[in-house]
Amino acid sequence: MSRKAAVLGLGERGAAWADAFRDAGWRVSGFDPDPAALGPPRGSRGWRREETISTTVAHADWVVCCLPDRLELMQKVIQRAQAEAPEAAVVAVTSRQHDVDAVQGCAIRPAQVVLVTGAPDRGVDLNVTGRNQAGLKLDALAVLSEVCSSVLPPPDGAADEAQARDSKSA
């Protein structure tokens, strides 16, 4: 693992995630099309603001999408990030309105997409489905525990229940 995090969307949420990863010793790159978006200060150690999604997610182990809660926008960015990031990269989507099924449904590699609610400095919840393998869930919990003040794991069996629901609807 290269310990590189990419943050897409550098508003308040994105800046908090970039700070949390950087403070945990990760290299951080960030992208936002709005030049006025916050993000950590330019020139901050362990931080780099990029000009494109492609250069931001290159070589990243984790991609955190901190976008406006518009599903169509999230879907396009998740697809673009997965097309350009390493295959094993975890894409963590922060959303207040959409569930994990909605954000995984559009992905190139849905098994690599998780939903995270909350904020790194106040604690987060990890949301997964049966599409996520147990190893990814454990790895995601380990990374989030390193980066965030507290992490609430998914309820036991949540992924199993989701997988059963998915197989029934297939």
Side-chain angles (χ1 to χ4, degrees), residues 1-50 53 56-57 60-71 73-75 77-78 81 85 89-107 110 112-129 131-132 134-159 161-162:
M1 184 185 308
S2 67
R3 294 181 54 84
K4 180 184 177 201
V7 179
L8 303 176
L10 297 173
E12 231 176 273
R13 284 185 291 158
W17 280 101
D19 283 340
F21 272 99
R22 187 189 63 217
D23 292 349
W26 289 58
R27 290 179 303 120
V28 179
S29 60
F31 170 76
D32 195 303
D34 181 357
L38 301 173
R42 288 187 185 264
S44 292
R45 191 174 183 98
W47 156 254
R48 180 180 175 110
R49 186 170 183 146
E50 299 287 352
I53 291 174
T56 305
V57 302
D61 298 308
W62 267 69
V63 177
V64 183
C65 295
C66 301
L67 307 170
D69 268 326
R70 294 191 326 260
L71 190 56
L73 172 64
M74 288 180 181
Q75 291 171 336
V77 173
I78 291 166
V90 173
V91 176
V93 178
T94 64
S95 176
R96 296 179 186 129
Q97 294 179 352
H98 304 290
D99 65 16
V100 66
D101 287 314
V103 296
Q104 284 180 332
C106 69
Q112 295 300 113
V113 177
V114 299
L115 181 72
V116 178
T117 56
D121 59 341
R122 294 186 303 272
V124 298
D125 292 320
L126 174 64
N127 298 281
V128 298
T129 68
R131 294 175 178 157
N132 302 109
L136 180 121
K137 179 175 119 177
L138 292 174
D139 291 345
L141 286 170
V143 168
L144 291 171
S145 294
E146 175 187 351
V147 171
C148 301
S149 61
S150 68
V151 180
L152 294 174
D156 284 342
E161 291 169 18

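Atoms considered below: every heavy atom in the structure, side chains included; atoms not considered: hydrogens, waters and symmetry mates.
Although no hydrogens or angles enter the test, the distance criterion places no donor-acceptor pair under 3.5 Å between the side chain of D23 and the main chain of A20.
Rounded to the nearest 0.5 angstrom, Q104 CD and Q112 CD are separated by 10.0 Å. Here C148 contributes atom SG and W17 contributes atom CH2; the two are 3.5 Å apart, rounded to the nearest 0.5 Å. Here the straight-line distance linking atom OG1 of T129 with atom NZ of K137 works out to 11.0 Å at 0.5 Å rounding.
W26 and F21 have perpendicular rings, their planes meeting at more than 60° on a 0 to 90° scale where under 30° would count as parallel.
Taking the side chain as every heavy atom from C-beta outward, L136 and V114 approach each other to under 4.5 Å.
Every residue two or more places apart in sequence or in another chain that forms a side chain to side chain contact (heavy atoms under 4.5 Å, CB included) with A119 is listed here: D121, R122. Take A107 and apply the side chain to side chain contact (heavy atoms under 4.5 Å, CB included) test, not counting sequence neighbours, and it matches I78, Q82, P110, V113. For D61, the side-chain hydrogen bond (donor to acceptor under 3.5 Å, both in side chains) test picks out S2, with sequence neighbours left out. With sequence neighbours left out, the side chain to side chain contact (heavy atoms under 4.5 Å, CB included) criterion links D69 to M74, S95, R96, Q97, H98. With sequence neighbours excluded, the residues satisfying side chain to side chain contact (heavy atoms under 4.5 Å, CB included) with D125 are T117, N127, L152.
Taking every heavy atom of both residues into account, V103 and C106 meet most closely at O-SG, 3.4 Å. Nearest heavy atom pair, residue A92 against residue V116, reads CB-CG2, 3.9 Å. The shortest heavy-atom contact between A37 and R49 is O-NH1, 3.2 Å. Shortest non-hydrogen contact noted between V151 and S145 is CG2-N, 3.6 Å. The shortest non-hydrogen separation linking L115 to V100 is CD2-N, 3.6 Å. Pairing each heavy atom of V63 with each of A85, the nearest pair is CG2-CB, 4.4 Å.
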Audit row: V64, R13, side-chain contact (heavy atoms from CB on, under 4.5 Å) steps and yes/no: CA-CA 10 Å; V64 183; R13 284 185 291 158; over 6 Å; no
If you apply the rule side-chain contact (heavy atoms from CB on, under 4.5 Å), what do you find for V90 with D139, and how did you get there? CA-CA 9 Å; V90 173; D139 291 345; over 6 Å; no
In residues 3-10, what donor-acceptor pairs under 3.5 Å come from side-chain atoms, sequence neighbours left out?
from	atom 1	to	atom 2	distance (Å)
R3	NH1	E146	OE1	3.3
R3	NH1	E146	OE2	2.9
R3	NH2	A24	O	2.9
R3	NH2	E146	OE2	2.7
K4	NZ	T56	O	3.2
K4	NZ	A58	O	2.5

